[in-house]
**Q** 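Please find one structure pasted underneath; my questions will follow.
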Amino acid sequence: MSKHADPKTNVVTVLQERGLMSQLTESGLPEAAAGGQLYVYCGFDATAPSLQVGNLVPVMALAHFQRHGHRPIIVVGGGTSMIGDPSGKSVERPLLTAEQIAEYAGRIRDQLAGYLSFEGPAAAILVNNADWLSKMTLIEYLRDIGKHFSVNAMSAKESVRSRLEDREHGISYTEFSYMVVQATDFLHLNDTYNCTVQIGGHDQWGNLTAGVDLIRKAREKHVHALTVPLITSASGAKFGKTAGNAIWLDPAMTTPYALYQYWINIDDRDVAHYLKVFTFQSLDDIATLEREQEADPSKRVGQRVLAFELTKLIHGEDTARAVEAASRVLFGGGVDELTPEALMHLASAVPTVEIEAAALERGIPVLDALVTSGAQPSKGAARRVLQQGGLYVNDARWSDAEGVLTREQALFGRAILLRTGKNKYSLLLAK
RNA sequence: GGGCAGUUACCGAAGUGGACAAACGGGACUGACUGUAAAUCAGUUGGCUUACGCCUUCGGAGGUUCGAAUCCUCCACUGCCCA
């Protein structure tokens, strides 16, 4: 696997080859990239305490830029998050305090540590747009920025137009201004760092070009905008979600085990595509994996590499090995192969609930166990699953709703492995 | 400020006094088939209960009624039109 890009290859070509490019302004970015170090920026919302896997697409694009010697700038949207992008449908925007944003910024930095280097000649820079947006006066904003925007042009942008036509929601003046504010960011970064490239999601195109236009009008400079594609899945399921919940990069919000499992379960048809987009594996290596995958799809070689690499990038190699091992026990040999050491690995990977040894001695009603372990939201739901034949205790189907779990079932005298459905595990562990 | 329309479960959307825990679709869950895949088929999808059943829910608060998601009053929010 080639970790470092061939510096002679143009970064734009690389992005294209890997399916990381959707739209690009016709402003000569490939030539500019070949001509020397560029500052490339991408903004991230600060409304959630963590990035999610969907955010990794622009992150990968930034990482490729950095590996070609360019400097990434991460903008935490402390200011813009308070306004709300009209392309997001949610109306309510939490007003975050400066402390919260600072905390989120720190987390984002940690989460990106596996992707971007914050040291060296191409060190990534992390800034908060509240630092400059909150200092701007209304008069300055209207005179220096607003003057360059035509309402007619703004109204024509997809993000605004769709809301104007939407009888249900409409659009507030605040949200309407979003693109102007984002363009202000670009202008500021251009003034401060001579930043000339902005990256964003496909739906950000209108906002990115607003910045390009502003810099052209206000500074008579030509800068670049590039969007990464919206990642889709072959089955039509939303990318980056399971059961409607986002896959977060924060291990407290999505466990590394769950993250690993998410990638292991990727549809065959998407594997090669995702390997290109989300890993740094060489295209040759990916082609090899693709051939192996075709020869024997049931081995999931592609998914295994995808899951391992992603877990490693996000949580580090040790964690990746641990969750890989845990997954191998659960979906390979099963409980028969479980050793006391492997059990400890499982406990750190699978959702685990500690119980009193005495409670286990007395016996725990199985339905209660399902609820306390968090495997099911209510006893009714637990009963339903059981009646449908979806409950397994230590990998053996369990059909007695009145049943009680005792030390007799416990592995090594202290652990009971619960499973609902095909692959949702949880562990009860006596102290 | 005035007028009109709307707010139903995870989402969309029916329901306009009793047969409503609330149609239908999507999503999700479970099973069969499989490879921890896809597709397909079947079932499930408010809480408690072995069950009879009981309890809570149709934007919020009151009211009318034997009985309210449905009628009335006030309030909040959203959209459209007028000023």
Side-chain angles (χ1 to χ4, degrees), chain A residues 84 86 88-93 162-176 232-247 257-275 289-290 292-308 311 323-335 346 349-350 365-368 370-371 374-393 395-404 417-426:
Chain A
K89 67 171 180 192
S90 136
V91 185
E92 268 191 47
R93 293 280 158 172
S162 63
R163 288 286 289 274
L164 288 174
E165 288 166 1
D166 186 346
R167 305 282 97 159
E168 289 285 303
H169 297 293
I171 183 167
S172 70
Y173 178 74
T174 306
E175 285 180 284
F176 178 67
T232 56
S233 72
S235 70
K238 269 228 167 62
F239 170 77
K241 311 251 173 177
T242 41
N245 299 313
I247 307 293
Y257 169 78
L259 179 89
Y260 183 89
Q261 285 293 319
Y262 173 75
W263 295 105
I264 274 286
N265 281 309
I266 290 298
D267 194 310
D268 290 356
R269 295 168 288 179
D270 294 320
V271 168
H273 176 208
Y274 290 1
L275 280 166
L289 285 170
E290 235 176 318
E292 287 178 42
Q293 181 82 18
E294 250 171 76
D296 185 358
S298 68
K299 278 195 174 151
R300 307 171 171 250
V301 282
Q303 280 94 336
R304 280 176 211 287
V305 172
L306 189 61
F308 184 80
T311 312
V323 295
E324 187 188 42
S327 298
R328 215 172 12 234
V329 169
L330 293 177
F331 297 101
V335 288
L346 271 194
V350 176
V366 69
L367 294 181
D368 290 334
L370 282 169
V371 176
Q376 291 296 320
S378 71
K379 283 176 81 171
R383 171 172 284 115
R384 220 176 281 131
V385 167
L386 184 145
Q387 280 166 352
Q388 291 174 139
L391 172 65
Y392 305 81
V393 173
D395 276 342
R397 182 171 278 171
W398 184 281
S399 52
D400 178 12
E402 300 311 305
V404 174
L417 187 64
L418 297 172
R419 185 182 117 209
T420 57
K422 277 193 172 90
N423 49 21
K424 194 175 164 198
Y425 279 98
S426 56

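Just so it is clear: chains get the letters A, B, ... in the order the sequence lines come, proteins before strands, and each one is counted from 1.
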**Q** Tell which nucleotide pairs with B:rG1, taking only Watson-Crick or G-U wobble pairs whose two distances are both under 3.5 angstrom.
**A** B:rC82
**Q** Among A:L275, A:V301, A:T311, whose side chain to side chain contact (heavy atoms under 4.5 Å, CB included) with A:L306 holds?
**A** A:L275
**Q** If we take the P atom in both B:rC58 and B:rC71, what is their distance in whole Å?
**A** 15 Å
**Q** Kindly say if A:R383 contacts the phosphate of B:rU50, meaning a side-chain N or O under 4.0 Å from OP1 or OP2.
**A** yes
**Q** Which one is paired to B:rA76, where only Watson-Crick or G-U wobble pairs with both distances under 3.5 angstrom count?
**A** B:rU7
**Q** Give A:K299 one of three labels, base, sugar-phosphate or nothing, depending on what nucleic acid heavy atoms sit under 4.0 Å from its own.
**A** nothing
**Q** Would you measure the distance from the C1' atom in B:rU45 across to the matching atom in B:rU57 and give it in whole Å?
**A** 16 Å
**Q** In whole angstroms, how far is the C1' atom of B:rG47 from the CZ atom of A:R384?
**A** 10 Å
**Q** Give none if B:rC24 has no partner; otherwise give the nucleotide forming a Watson-Crick or G-U wobble pair with it, both distances under 3.5 Å.
**A** B:rG12
**Q** Between A:G389 and A:D268, who's closer to the 5' end of RNA chain B by nearest nucleotide?
**A** A:G389
**Q** If B:rG43 has a Watson-Crick or G-U wobble mate with both distances under 3.5 Å, name it; if not, just say none.
**A** B:rC29
**Q** Please report the distance, rounded to the nearest Å, between CG in A:L367 and P in B:rU49.
**A** 8 Å
**Q** In whole angstrom, give me the gap between the C1' atoms of B:rC11 and B:rA19.
**A** 28 Å
**Q** Determine the contact category for A:R304: base if any of its heavy atoms lies under 4.0 Å from a base atom, sugar-phosphate if only primed atoms, P, OP1 or OP2 are that close, otherwise nothing.
**A** nothing
**Q** For B:rA68, what is the paired nucleotide under Watson-Crick or G-U wobble rules, both distances under 3.5 Å?
**A** none
**Q** Mind checking A:Q261 for me? I need base, sugar-phosphate or nothing, with any heavy atom below 4.0 Å counting as a touch.
**A** base
**Q** Closest-nucleotide mapping onto RNA chain B: is A:Q387 or A:F331 further toward the 5' terminus? I mean the 5' end.
**A** A:F331
**Q** Can you measure A:K379 atom NZ to B:rC29 atom C1' for me and round it to whole angstrom units?
**A** 20 Å
**Q** Could you tell me how far B:rA23 sits from B:rG67 if I compare only their C1' atoms? Round to whole Å.
**A** 22 Å
**Q** Whole-Å distance between B:rU36 P and A:Y392 OH?
**A** 12 Å
**Q** Specify the separation, in whole Å, of atom CD of A:E294 and atom P of B:rA38.
**A** 19 Å
**Q** Ignoring the backbone of A:R269, work out which of B:rU36, B:rA32, B:rA38 is nearest its side chain.
**A** B:rA38
**Q** May I ask you to test the A:L330-A:L346 pair for a side-chain heavy-atom distance under 4.5 Å?
**A** yes
**Q** If the P atom of B:rA21 is compared with that of B:rG46, how far apart are they to the nearest Å?
**A** 13 Å
**Q** Report yes or no: is there a donor-acceptor pair, N or O only, under 3.5 Å between the side chain of A:D296 and the base of B:rG35?
**A** no
**Q** Round to the nearest Å and state the distance from A:E402 atom CD to B:rU49 atom C1'.
**A** 10 Å
**Q** Taking the P atom of each, how far is B:rC75 from B:rA68, in whole Å?
**A** 24 Å
**Q** Grab the NZ-P distance between A:K422 and B:rA32 for me, whole Å please.
**A** 7 Å
**Q** Ignoring hydrogens and geometry beyond distance, is a side-chain donor-acceptor pair present between A:Y425 and A:D395 at under 3.5 Å?
**A** yes
**Q** Using a heavy-atom cut-off of under 4.0 Å over every strand shown, decide if A:D267 touches base, sugar-phosphate, or nothing.
**A** sugar-phosphate
**Q** Which base, if any, makes a Watson-Crick or G-U wobble pair with B:rU34, both distances under 3.5 Å?
**A** none
**Q** Given the P atoms of B:rU78 and B:rC10, what is the spacing between them in whole Å?
**A** 22 Å
**Q** In whole angstroms, how far is the P atom of B:rG35 from the CG atom of A:N423?
**A** 15 Å
**Q** A side-chain contact here means heavy atoms from C-beta on lying under 4.5 Å apart; do A:I247 and A:Q261 qualify?
**A** no
**Q** Please report the distance separating the C1' of B:rU64 from the corresponding atom of B:rU7, rounded so that it comes out in whole Å.
**A** 23 Å
**Q** Under the criterion side-chain contact (heavy atoms from CB on, under 4.5 Å), I'd like the reasoning laid out for A:L289 against A:R304: C-alpha separation, chi angles, the key distance, then a yes or no.
**A** CA-CA 10 Å; A:L289 285 170; A:R304 280 176 211 287; over 6 Å; no
**Q** Tell me whether the OP1 or OP2 atom of B:rC48 has a side-chain N or O from A:S378 closer than 4.0 Å.
**A** yes
**Q** Looking at A:Q388 and B:rG43, is any side-chain donor or acceptor paired with a base atom of the opposite kind under 3.5 Å?
**A** yes
**Q** With heavy-atom distances below 4.5 Å as the criterion, would you say the side chains of A:V393 and A:L418 are in contact?
**A** yes
**Q** Kindly indicate whether the side chain of A:V305, heavy atoms from C-beta on, has any atom under 4.5 Å from the side chain of A:V271.
**A** no
